[in-house]
2 protein chains.
Amino acid sequence: MRKALTIGCLARTAGVNVETVRYYQRVGLIREPRKPPSGYRVYPPEMVDRIKFIKRAQPLGFSLQEIADLLELGDGHCADVRVRAEEKRAQIQQQITDLTALKTTLDGLITACQSENDTAYCPIVESLAGKQA
Amino acid sequence: MRKALTIGCLARTAGVNVETVRYYQRVGLIREPRKPPSGYRVYPPEMVDRIKFIKRAQPLGFSLQEIADLLELGDGHCADVRVRAEEKRAQIQQQITDLTALKTTLDGLITACQSENDTAYCPIVESLAGKQA
DNA sequence: GAGAACTCCGTATATAGGTACAGAGTCTCA
DNA sequence: TGAGACTCTGTACCTATATACGGAGTTCTC
């Protein structure tokens, strides 16, 4: 019989700490499997990808709560999925726009690194100088 | 005479808390102006944009340390600017790629919201399913 | 020139996202 | 079958990123 996916195995496979898995359970980000009479919980294999997703979404600027929202959309507990998905998409589009601006600025720095730069002007700051505030 | 840009005025204009400005000074993210004999520090006007930049970079997934790095690049304290800028650019490109994948998945959810979704399969998770780990 | 509003400095508190550890029970495998 | 590895629960601790507060001094405004 294949080894059961217990919490330690899950954590190792997904590349996180066991305590992190427990933490995600505590805050409701992932479901805790029913505790079998024996006492050791067994996780479904998809849980590995779910945790990997979380770990990749974080450095994109999503909080755990936002990630929970995204996952819920994917889980298809519909109702207002469409509306919420559209909101998320708009937010993500804004992030892409900002990052693209930043990247363009870095391109400039890279190709013209002989910066005649003794002024208070900072090209990096300019890149996100949206006048929205 | 125009009102001097004291810390309160700076904070208000940039849309942050006074304590946040002090905090950024403490951690070295922005420079604290020399204290005049009177005791009230005066900030240069560019500081407003610098703080706004920080506040826009954070939700893109950058830590304060990473933002400090970016700003330093822009400030042109060269030496290894080119190399560091190239690293940052690569990182940002990866973020853009990931976000684009996520957005594409949301597009799918939005156009085909009648999800025949009773399986363990989750399209959102799939979107970042890079097999890099 | 007096009171309100502001600044300074130091310290304390808050929240998110983990990580660590203790003590007791369970599983695995030679 | 017994030692070592693992899990469970609960609680404590840690870092990053702020935010709040108290008491003393400064500036603005009327």
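Only this structure's heavy atoms are used, side chains among them; waters, hydrogens and symmetry mates stay out. All chains are named by letter (A, B, ...) in the order of the sequence lines, taking the proteins before the strands, and each is independently numbered beginning at 1.
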If I take atom [atom1] in residue [X] and atom [atom2] in nucleotide [N], what distance separates them, rounded to the nearest angstrom?
X: A:Phe62; N: C:dA16; atom1: CZ; atom2: P; result: 18 Å
X: A:Ile7; N: C:dC27; atom1: CD1; atom2: P; result: 16 Å
X: A:Ile30; N: C:dG17; atom1: CD1; atom2: P; result: 14 Å

Open item on the list: I'd like to know if the side chain of B:Thr13 reaches the main chain of B:Cys9, judged simply by a donor and an acceptor atom lying under 3.5 Å from each other, with no hydrogens or angles considered.
Closed with: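 At least one qualifying donor-acceptor pair exists.
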
Do any side-chain nitrogens or oxygens of [X] fall under 4.0 Å of OP1 or OP2 in [N]?
X: A:Lys35; N: D:dT9; answer: yes
X: B:Ser63; N: D:dA16; answer: no
X: A:Arg41; N: D:dC8; answer: yes

- [ ] Please report the C-alpha distance between B:Glu46 and B:Arg50 in whole Å, then the side-chain angles of each, then the deciding distance to 0.1 Å, and finally whether the salt bridge (charged side-chain N to carboxylate O under 4.0 Å, His left out) criterion is met.
- [x] CA-CA 6 Å; B:Glu46 314 87 67; B:Arg50 197 168 173 101; over 6 Å; no

- [ ] Assess whether side-chain contact (heavy atoms from CB on, under 4.5 Å) is satisfied between B:Gln91 and B:Gln94, documenting all intermediate values.
- [x] CA-CA 5 Å; B:Gln91 178 197 334; B:Gln94 181 61 57; 5.8 Å; no

Rounded to the nearest 0.5 Å, what separates atom [atom1] in [X] from atom [atom2] in [Y]?
X: A:Ile92; Y: A:Leu70; atom1: CD1; atom2: CG; answer: 6.0 Å
X: B:Asp49; Y: A:Ile124; atom1: CG; atom2: CD1; answer: 14.0 Å
X: B:Asn17; Y: B:Tyr23; atom1: CG; atom2: OH; answer: 13.5 Å

Open item on the list: Assuming nearest nucleotide by heavy-atom distance, tell me which of A:Gln65 and B:Tyr43 is located more 5' along DNA chain C.
Closed with: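 Per heavy-atom nearest nucleotide, the more 5' residue is B:Tyr43.
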
Open item on the list: Taking B:Tyr24 as the starting point, is it possible to reach B:Val42 by hopping between hydrophobic residues whose side chains are less than 4.5 Å apart?
Closed with: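 Hydrophobic grouping puts B:Val42 apart from B:Tyr24.
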
- [ ] Would you kindly confirm whether A:Leu64 and A:Phe53 end up in one hydrophobic cluster when ILVMFWY residues are joined by side chain heavy atoms under 4.5 Å apart?
- [x]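 Same cluster.
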
TODO: For each nucleotide in nucleotides 18-23 of chain D, reading 5' to 3', give B when a protein heavy atom comes within less than 4.0 Å of its base, S when such contact involves only the sugar-phosphate, and - otherwise.
DONE: BBBB--

Task: Nearest-nucleotide comparison on DNA chain D, the residue closer to the 5′ end among B:Gly39 and A:Glu32 - done: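 It is A:Glu32 whose nearest nucleotide is closer to the 5' end.
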
Open item on the list: Looking at B:Tyr40 and D:dT27, is any side-chain donor or acceptor paired with a base atom of the opposite kind under 3.5 Å?
Closed with: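 Check fails, no donor-acceptor contact within cut-off.
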
Task: Angle by which the axis turns from one end of the helix from C:dG1-D:dC30 to C:dA30-D:dT1 to the other, five pairs per end, to 10 degrees - done: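 It works out to 20° between the end axes.
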
TODO: Kindly determine whether B:Ile67 and B:Gln58 satisfy side-chain contact (heavy atoms from CB on, under 4.5 Å), including the steps that lead there.
DONE: CA-CA 8 Å; B:Ile67 293 170; B:Gln58 280 184 307; 3.7 Å; yes

